[in-house]
2 protein chains.
Amino acid sequence: MGITERKEREREEMRDLILQAARKLFLTQGYEKMSIRGIAEAIEYSPATIYLYYKDKNELFFSLHKDAFQKMMAEFSVVAAVTDPFERLVALGRQYIKFAIENPELYDLMFIMEAPMETLACREEVWEDGQTSFGFLKIVIGDCINAGYFKNTEDIENSSLTIWSFMHGLITIYLKKRMSMFEDNREMERIEESFKLFVEMIKCRF
Amino acid sequence: MGITERKEREREEMRDLILQAARKLFLTQGYEKMSIRGIAEAIEYSPATIYLYYKDKNELFFSLHKDAFQKMMAEFSVVAAVTDPFERLVALGRQYIKFAIENPELYDLMFIMEAPMETLACREEVWEDGQTSFGFLKIVIGDCINAGYFKNTEDIENSSLTIWSFMHGLITIYLKKRMSMFEDNREMERIEESFKLFVEMIKCRF
DNA sequence: GTTTTTAATGAACACTGTTTATTACATTTG
DNA sequence: CAAATGTAATAAACAGTGTTCATTAAAAAC
């Protein structure tokens with residue numbers, strides 16, 4: 001009897017319906033306006049129904065967060081076209097900045113918000129999405145080393161964390177409006193200049 | 001007639017009473033539990049009274065945020081004892097990490113939360129607290145240049161932003177639980193290693 | 001002493017996430 | 001097929017949240 005299969009399929013459809021509504025609300029209204037009641041109204045179900053398919057709002061955030069990582073990784077794939085390993089790393093950095101600036105709320109969800117991480121913590125799982133994208137960075141850096149760059153580098157993981165830290169810091173300073181201490185409105189130029197300086201700095205370690 | 005003076009003084013006292021209660025709640029319960037009703041109960045006034053002294057909760061966050069900057073700057077002052085300019089910069093970095101790890105919620109308030117910045121934005125002011133502490137970093141880097149370090153550096157502001165970006169990124173990756181992608185529990189060692197690597201990188205630019 | 005100004009509040013508004021008892025319907029069993 | 005069981009959906013409530021406003025009480029000015 002395929003009843004259990006159908007039920008399982010229907011359940012998955014419902015989970016998807018909820019997630020789609022949540023995503024739409026998130027992207028159009030922002031995550032602060034993405035309320036359970038709002039999602040319920042959008043799919044024409046009662047708010048309580050959502051809790052039959054998702055444990056809590058954090059789990060919904062976690063699912064959206066996974067989507068966002070897929071989107072980011074898809075945008076990263078274009079750097080494969082860059083042949084020189086070091087230039088590929090630079091291109092990856094630019095893609096990262098581009099993604100963050102074009103999707104500030106997704107970036108927040110992926111790297112700043114605590115909600116999705118709480119779902120992960122209570123399941124005692126490792127952060128797979130982070131691992132995957134960080135793994136991509138490690139590969140790109142590894143290619144640099146294989147091509148003769150970064151000769152003094154003995155720990156790829158540490159190098160990756162260091163590079164990511166800079167990128168993440170620069171972006172969050174901007175996204176969280178901490179560049180408002182500069183009186184001029186040259187935020188974008190400052191990001192560009194700082195990025196270039198950092199690239200020069202890591203070039204220094206050839 | 002000193003009545004207006006007394007009233008002004010009483011008003012300032014009341015603002016302080018509210019702020020102290022807010023700070024206590026913030027530090028003991030965390031910012032998510034720092035509610036207007038909670039503050040009101042602590043000072044034995046009605047919630048509505050708070051709105052006679054503060055425009056909204058964001059303004060309260062902004063005041064706390066200013067306090068936090070004073071506290072951080074006070075902790076920074078110890079680096080003045082370090083004579084070598086470059087070592088002073090390194091010491092400042094360590095103090096920054098120490099402050100962030102010891103006061104994660106203050107750090108959040110100072111550099112991540114949007115609430116205090118919104119108060120600033122609607123007043124169309126520059127972010128003075130940020131300017132002051134960033135100014136301190138610029139001075140420390142300036143001393144390095146005067147002592148012969150960073151010879152290739154033509155833009156102190158850009159160097160400062162770049163260094164701060166790394167520090168801020170590394171810390172927020174940790175504070176916002178994004179190091180949970182590493183299966184081992186070596187978060188502190190990783191921070192230490194990455195910091196050391198970055199110090200080596202900027203040393204490279206002598 | 002009366003009027004005016006000001007400080008404080010209770011109550012309400014419009015929300016939020018989440019839980020639970022109840023209802024309605026689909027599925028299984030006798 | 002009818003009765004019993006299982007399950008999906010919900011209305012309503014709980015316990016909060018920030019904020020506003022008309023009303024009341026007290027202080028200051030006249």
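Note that the structure is a prediction, hence the values are computed from the model and not measured. Naming convention: chains lettered A, B, ... in sequence-line order (proteins, then strands); numbering from 1 in each chain.
One atom, CD1 of Ile3(B), and another, C1' of dT5(C), lie 12 Å apart when rounded to the nearest Å. Atom CD of Glu32(B) and atom C1' of dT17(D) are 12 Å apart (whole Å). One can place CE of Met34(A) at 12 Å from P of dT16(C), the figure rounded to the nearest angstrom. Separating the CZ atom of Arg11(A) from the C1' atom of dA26(C) is a distance of 17 Å, rounded to the nearest angstrom. Separating the CD1 atom of Ile36(A) from the P atom of dT19(C) is a distance of 11 Å, rounded to the nearest angstrom. When rounded to the nearest whole Å, the span between CD1 of Ile39(A) and C1' of dT18(C) equals 14 Å. At whole-Å resolution of the value, NZ in Lys57(A) and P in dT18(C) are 8 Å apart. The CD1 atom of Ile18(A) sits 12 Å away from the C1' atom of dA8(D) (whole-angstrom rounding).
Partners of Asp155(A) by side chain to side chain donor-acceptor pair (under 3.5 Å), not counting sequence neighbours: none found.
Residues from residues 116-123 of chain A lying near DNA chain C, meaning a heavy-atom separation below 4.0 Å, are absent. Interface residues of residues 40-56 of chain A facing DNA chain D, ordered by number: Tyr45(A), Ser46(A), Ala48(A), Thr49(A), Leu52(A), Tyr53(A); criterion, heavy-atom separation under 4.0 Å.
Side-chain atoms of Lys7(B) lie closest to dT6(C) of the nucleotides dT6(C), dT7(D), dG17(C).
Side-chain rings of Phe76(A) and Phe99(A) stay apart, their centers remaining 6.0 Å or farther from each other. Aromatic pair Tyr54(A)/Phe61(A): centroids not less than 6.0 angstrom apart. Ring centroid separation for the pair Trp127(A) and Phe69(A) comes in under the 6.0 Å cut-off. Outside the 6.0 Å centre-distance limit, the rings of Phe166(A) and Phe198(B) are not counted as a close aromatic pair.
With no hydrogens or angles considered, a side-chain donor-acceptor pair links Glu118(B) and Asn58(B) at under 3.5 Å.
Nucleotides of DNA chain D nearest to Glu10(B) and Gly38(B) differ in position, and the one nearer the 5' end is that of Gly38(B).
Here the CG atom belonging to Leu19(B) is positioned 11.5 Å from the CZ atom belonging to Phe26(B), to the nearest 0.5 angstrom.
Within a 6.0 Å radius of CD in Glu44(A), other residues, nucleotides and ligands contribute 12 heavy atoms or fewer. Within 6.0 Å of the CG atom in Asn146(A), the count of heavy atoms belonging to other residues, nucleotides or ligands exceeds 12.
Judged by atom type and distance alone, Arg37(A) reaches the base of dG17(C) through a side-chain donor-acceptor pair under 3.5 Å.
Met14(B) comes within 4.0 angstrom of nothing in the nucleic acid, heavy atoms only.
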